[in-house]
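Structure first, then comments.
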Amino acid sequence: MNAVALVKQVPDRNSAFRPAGDWIDESSLGYGINDYDRYAVEAALALKEAGHAAETVAVTAGPADAGQVLRSCLAMGADRGVHLITDRAHLADPFFVARALADAVSGLDAGVVFAGLLAEDSGHGQVGGLVAGLLGYSFASAATGLHFRNGRLEVHRELEGGRIAVVELRLPAVVAVQTGINTPRYASLRGIMASRRKPVERMELAAPADGAGLRRLTLSRPERGASAEILQGSPQEAAAALVPRMRAGAGVSFPGDAS
Amino acid sequence: MSRRVLVLAERSESGITDASYELLEAASRLAGGQDGVSAVLPVADASEAEGLREVLPAGELLLVEGPAHASPTADGTAAAVLHAREASGAECILLPHDPVGWDVAPLVAARLGTAAATAVSALSWREDGIAAKRSAFLGKFVQEVEAPGLPAVATVERGAFPAREPGPALSVRILPSPVGPGDLRSRLVEVRDAGAGGVDLTAADVVVAAGRGLGGPENLDIVHELAAALGGVVGASRAVTDAGWLPHELQIGSSGATVSPKLYVACAISGAIQHLVGMRGSRFVVAINKDPDAPIFGAADVGIVGDALEVIPAVTEAVRNSG
């Protein structure tokens, strides 16, 4: 039984994003692994280290240069990678991506499949669950804790309002992890060296049918009804203008105020 | 053009959840009136739902009844939703964009052979499908998408629609559940409080919240100093508590504390919807961020665009000198 991590290559979160057409301007963007997915990889590695998985396999769907995120997974310690090669534009439909990932996962003898809760770019937050649904695996999202006992997986799920649900899943299962579930390791120099010799299986995906699946229409900055008054000037000038507004708006006094 | 819409109704200690009333409003608008709305409530025994009929303003209330629904699970709820979908003939299924919907929506969508439109704030019919306005790039952008094929599935962002007033369901049907407890792959063991810390964020008049844009825990001192100058307490965004810079109990947002202070100062917080949900009850909001497009400025009364590491000490100084 293996531990699988589903990972996605996304634009670097520190980039200056500009909407262009139905998506962002992709020229001169840096790319890297989706932050949520680093936690998925760490969870898979930890499962193997605890003796509950024979191998850890990282799987991605994306263009040729998305191989970089598999390399970073291998450098963290994953044993091998599977790269489903497809145009970046085809990632627009989560169902197309999930179908391809599910087909790949079905051949991996997966006990637990970890996915990030969502991708920082498209933010659909459903690929892990779709894979579970397509394969008939168990599923839990928003996982913030994991315990393995008696061949079953106990998952702590974060609910709203500071509550936790404890659920028990039969295997195989897909778990979509929240950030903070663990502390993702950084690749060591040795890990980076070793990753070069680790196998990555590459497969070209057939393009989706025209007009099938979720389609992007537009992307824009949100309209702001009552937008903030932006204070201009140097930090000191802006700060000086801010203080009387805070006092009046909030109706509070501050500890240093003369009584 | 209007067609029937199905929503998942969820129970809370006090009846039906606020999220459910928002879904009922969204569904009523999409269906062109309450008549076109079906609500599904999975129950172990239909007698549990007595009384709920009076407060569920749907055209029909479908009680999917069976021991598998004694406690909610992802696969049990998904099965109940799919069963009610068939029974009602609904062409769109609305679920909450929260931990319940994240669990259930993809399982339902997978069975229908489609993706869900998630994090949705507006919905309309297309000839063969739906169009939706949704949040992308962690709330930075609004995206319009088209999901071809019916029935469609969508998860609706909290707060995107007003909560519908409670009122009676026009009819009730009881449907035997298609699943038994033995069919389920998941089991709810318990629900418990994550455990609160010593600081009561919810009672503070002034909250100064630290975000990832501060760069590292070594830069939190300036946030503590500003909080001290304002007589407030320090809170944090999820990114900051996840990174271990501050303890989890200081997290403000949908998965953490909900605060409504008189003054809220967001320091280097971009303002993902999950954070905004936790602070939008604040009386006066100040945002400090280097990105003029950060969604937090849409939720703030006053903003300063600049490097938080320079602006925060300047504000602290200005507050101290103003007394």
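Every chain is numbered from 1, with letters handed out A, B, ... down the list of sequences. Scope of the values below: all heavy atoms of this structure, side chains included, with no hydrogens, waters or symmetry mates. Computed from a predicted structure; not experimentally measured.
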Turns out that what part of A/Arg247 lies under 4.5 Å from chain B's heavy atoms comes down to side chain
Any side-chain heavy atom of A/Leu214 within less than 4.5 Å of one from B/Glu146? no
Heavy-atom check, side chain of A/Leu242 versus side chain of B/Ile304, under 4.5 Å: yes
Nearest 0.5 Å please: distance from the CG atom of B/Asp18 over to the CD atom of A/Glu160. 10.5 Å
From CA spacing to verdict: side-chain contact (heavy atoms from CB on, under 4.5 Å), A/Leu118, B/Leu138: CA-CA 9 Å; A/Leu118 55 87; B/Leu138 305 175; 3.8 Å; yes
What part of A/Leu171 lies closer than 4.5 angstrom to a heavy atom of chain B: side chain, backbone, both or neither? backbone
Hey, what's the ring geometry for B/Phe141 with A/Phe17, parallel, tilted or perpendicular (30° and 60° as the breaks)? perpendicular
Non-hydrogen contacts under 4.5 angstrom with chain B: give the residues of residues 132-146 of chain A involved, or none if there are none. A/Ala132, A/Gly133, A/Leu134, A/Gly136, A/Tyr137, A/Ser138, A/Phe139, A/Ala140, A/Ser141, A/Ala142, A/Thr144
What part of B/Val311 gets closer than 4.5 Å to chain A, counting heavy atoms only: side chain, backbone, both or neither? both
Are the side chain of B/Arg238 and the backbone of A/Gly180 linked by a donor-acceptor contact shorter than 3.5 Å? no
If only atom types and distance count, is the side chain of A/Arg221 paired as donor or acceptor with the main-chain N or O of B/Pro295 below 3.5 Å? no
Salt bridge (Lys or Arg N to Asp or Glu O under 4.0 Å) partners of residues 227-237 of chain A, not counting sequence neighbours, each pair once: A/Glu229-A/Arg245
Which atoms of B/Leu184 approach chain A - backbone, side chain, both or neither, heavy atom under 4.5 Å: backbone
B/Pro99 backbone acceptor or donor facing A/Arg157 side chain under 3.5 Å: yes
Give, as side chain, backbone, both or neither, the part of A/Arg13 having an atom under 4.5 angstrom from any heavy atom of chain B. side chain
Closest contact, heavy atoms only, A/Leu219 versus B/Gln143: CD1-CB, 3.7 Å
Between A/Asp93 and chain B, with a heavy-atom cut-off of 4.5 Å, which part of the residue counts as in contact: side chain, backbone, both or neither? side chain
Tell me which of these, B/Gly139, B/Ser255, B/Ala105, has more heavy-atom pairs under 4.5 Å with chain A than the rest. B/Ser255
So does A/Glu154 pair up with B/Arg187, basic N to acidic O under 4.0 Å? no
So, the part of B/Ala229 with a heavy atom under 4.5 Å from chain A: the answer is backbone
If you tally heavy-atom pairs under 4.5 Å against chain A, which of B/Gln274, B/Glu190, B/Glu144, B/His248 wins? B/Glu144
Region of B/Arg320 that comes under 4.5 Å of a non-hydrogen atom in chain A: neither
Given that the side chain runs from C-beta out, which part of B/Asp75 has a heavy atom under 4.5 Å from chain A: side chain, backbone, both or neither? neither
Please state whether the side chain, the backbone, both or neither of B/Ala272 comes within less than 4.5 Å of a heavy atom of chain A. neither
For B/Ser135, is it the side chain, the backbone, both, or neither that has a heavy atom closer than 4.5 Å to a heavy atom of chain A? backbone
